[in-house]
Amino acid sequence: MAAGSGVPTLELARLSRGEVIGIDIDQPALDKFAAMIAESGLSDRAKALNCSLINMDFPEETFDIIWSEGSIYAIGFEKGLREWKRFLKPGGFMVIHDEQGNISEKLEQISKCGYELLGSFLLSKETWWIEYFAPLEKLITKAQTKYFGIIPLENVYGQTENREGECFSR
Ligand SMILES: C[S@@+](CC[C@H](N)C(=O)[O-])C[C@H]1O[C@@H](n2cnc3c(N)ncnc32)[C@H](O)[C@@H]1O
């Protein structure tokens, strides 16, 4: 859900060998995602769909798994849990990767909304560095070299540094 770049959705399609629908409202991102689906030979099992996660109109009990990767913030944690429940098949699973904060409150909301909590964990600082900030830093350096003097990338870089501070309260 909220496929964005499509990377997590494609990985899920590969790992599960099931059918996967990646939804988002960012059409340019969905176009890239659709191209990636075609390139990866997964067109028979993966689909990019322009649809808002705020008003989805899938039939009830459509999905075995709803996977929200960095997107439930758009509807709100508790509201998302409540609204999306009807799209799950009985015994289906919901996986949510959300920003840190109000963790105990969110865990309570999970059972309050009628789900059984199977587990939860925090991503380590190291994981964020290796998987997110280090590649991002490389891309920024590459862009700074390529567009030197054309776009004031120093501003972008400054924002990234601030964001890191927010995430980890350093
Ligand atoms: C933080 S990104 C996560 C993207 C992707 N899940 C990933 O992990 O790479 C958030 C995504 O949510 C999408 N989004 C925001 N509001 C949305 C909405 N109402 N319906 C569907 N997607 C939405 C954005 O377009 C963006 O692609």
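Every value quoted in this text rests on a predicted model; they were computed, and no experiment measured them. Counting convention: from 1, in listed order, for ligands and their atoms alike. Each residue takes its place number in the sequence, starting with 1.
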For [X], counting its heavy atoms only, list the atoms of ligand 1 lying under 4.0 Å from any of them.
X   : answer
A74 : 16 (N)
P8  : 7 (C), 8 (O), 9 (O)
D26 : 25 (O)

Among C51, S52, S71, closest by heavy atom to atom 19 (N) of ligand 1 is S52

Heavy-atom nearest option to atom 26 (C) of ligand 1, drawn from V7, L49, D24, I54: D24

So, does [X] use its side chain to make a donor-acceptor pair with the main chain of [Y] at under 3.5 Å?
X    : Y    : answer
T127 : L123 : no
R82  : C113 : no
T62  : F58  : no
S111 : E108 : yes

Please confirm whether L53 comes within less than 3.5 Å of ligand 1 when only nitrogen or oxygen atoms on both sides are compared. yes

Within the structure, is a non-hydrogen atom of G6 found at a distance of less than 4.0 Å from ligand 1? no

So for Y73 against ligand 1, with non-hydrogen atoms under 4.0 Å, the contacting part is side chain

For residues W67 and E69, is any side-chain donor paired with an opposing acceptor at under 3.5 Å? yes

Identified salt bridge (Lys or Arg N to Asp or Glu O under 4.0 Å) counterpart of E78 within the set K106, K112, K85: K112

